[in-house]
Amino acid sequence: MEQTDENRIIEASKRVYQQLGCGHNEHIYHKALVYELNCLGYNLDTEMNLLVKYKDSKGNTHVLASERIDVFIHGINIVLELKATAKPIQSQEFAQIKKYFNELNKLNIICSYGIIINFPQPSAKEIPSEILSQIVKNDI
């Protein structure tokens, strides 16, 4: 049985966490996950700049800012939002990934879904042994 892309990506994230353990900064997990995704043959951008544009009432387009997508996988158009926090995945992470969908849609880049991956950090109560992940559908 062939694995889906989302399962392959989540499994790669689990490998990273199993090898590194908890307690690292997000950028450490990010770098390791990029290596794993490259091993799987994915074509990706890391820290991909995404210009946020606004069209005013006169039809003029203005660049407001630049957002950065943690990982964007080309060909299958998947956005990965990475976290390294002791908290569970919050609504703000969902809003952030939906914001990326909206801006990518404006560029005619359609993502059917994204994945939020949290490499959990130790808390006063426990040392987590597994990553947390959530697939977010794009409500195009």
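We use all heavy atoms of the structure for the numbers below, so side chains are in, but hydrogens, waters and symmetry mates are not.
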Margin query: Between Ile116 and Val136, does the side chain to side chain contact (heavy atoms under 4.5 Å, CB included) criterion hold? Intermediate values first, please.
Written below: CA-CA 7 Å; Ile116 302 168; Val136 182; 3.7 Å; yes
Would a hydrophobic clustering, with Ile, Leu, Val, Met, Phe, Trp and Tyr connected at side-chain separations under 4.5 Å, put [X] with [Y]?
X      : Y      : result
Ile69  : Phe101 : yes
Ile97  : Leu44  : no
Tyr35  : Tyr42  : no
Tyr113 : Leu80  : yes
Leu107 : Val79  : yes

Out of curiosity, [X] [atom1] to [Y] [atom2], how far, rounded to the nearest 0.5 Å?
X      : Y      : atom1 : atom2 : answer
Glu36  : Arg8   : CD    : CZ    : 11.0 Å
Glu103 : Leu64  : CD    : CG    : 8.5 Å
Ser13  : Asn118 : OG    : CG    : 11.0 Å
Ile76  : Cys111 : CD1   : SG    : 10.0 Å
Ile117 : Gln134 : CD1   : CD    : 11.5 Å
Ile73  : Asp5   : CD1   : CG    : 7.5 Å

Are [X] and [Y] within salt-bridge range, i.e. N to O under 4.0 Å?
X     : Y      : answer
Glu81 : Lys83  : yes
Lys98 : Asp139 : yes
Glu11 : Lys14  : yes

Measure the shortest side-chain to side-chain distance between [X] and [Y] over non-hydrogen atoms and say whether it is less than 4.5 angstrom.
X      : Y      : result
His62  : Lys53  : no
Glu26  : Phe119 : no
Tyr54  : Thr61  : no
Asn138 : Asn102 : no

Check: So Ile110 and Leu104, side chain to side chain contact (heavy atoms under 4.5 Å, CB included) or not? Walk me through it.
Finding: CA-CA 7 Å; Ile110 306 303; Leu104 287 165; over 6 Å; no
Distance-minimising heavy-atom pair for [X] and [Y]:
X     : Y     : value
Tyr17 : Cys22 : OH-CB, 2.7 Å
Ser66 : Asn49 : OG-OD1, 3.3 Å
Ala12 : Leu40 : CB-CD1, 4.0 Å

Check: Can you list the residues that meet the ring-ring contact (aromatic ring centres under 6.0 Å, His included) rule with His24, with sequence neighbours excluded?
Finding: Tyr29
Margin query: I'd like to know if the side chain of Asp70 pairs up with that of His30 as donor and acceptor (distance under 3.5 Å, no hydrogens or angles considered).
Written below: no
Next item on the list: Would you please test Ile78 and Phe72 for side chain to side chain contact (heavy atoms under 4.5 Å, CB included) and show each step?
Entry: CA-CA 6 Å; Ile78 298 176; Phe72 181 79; over 6 Å; no
Next item on the list: Could you check Val34 against Leu37 for side chain to side chain contact (heavy atoms under 4.5 Å, CB included), going step by step and ending with a plain yes or no?
Entry: CA-CA 5 Å; Val34 166; Leu37 295 173; 5.6 Å; no
Check: So, the side chain of Glu93 versus the backbone of Gln90: is there a donor-acceptor pair under 3.5 Å, distance only?
Finding: yes
Item checked: Under 3.5 Å donor-acceptor, Asp56 side chain and Lys58 backbone -> yes
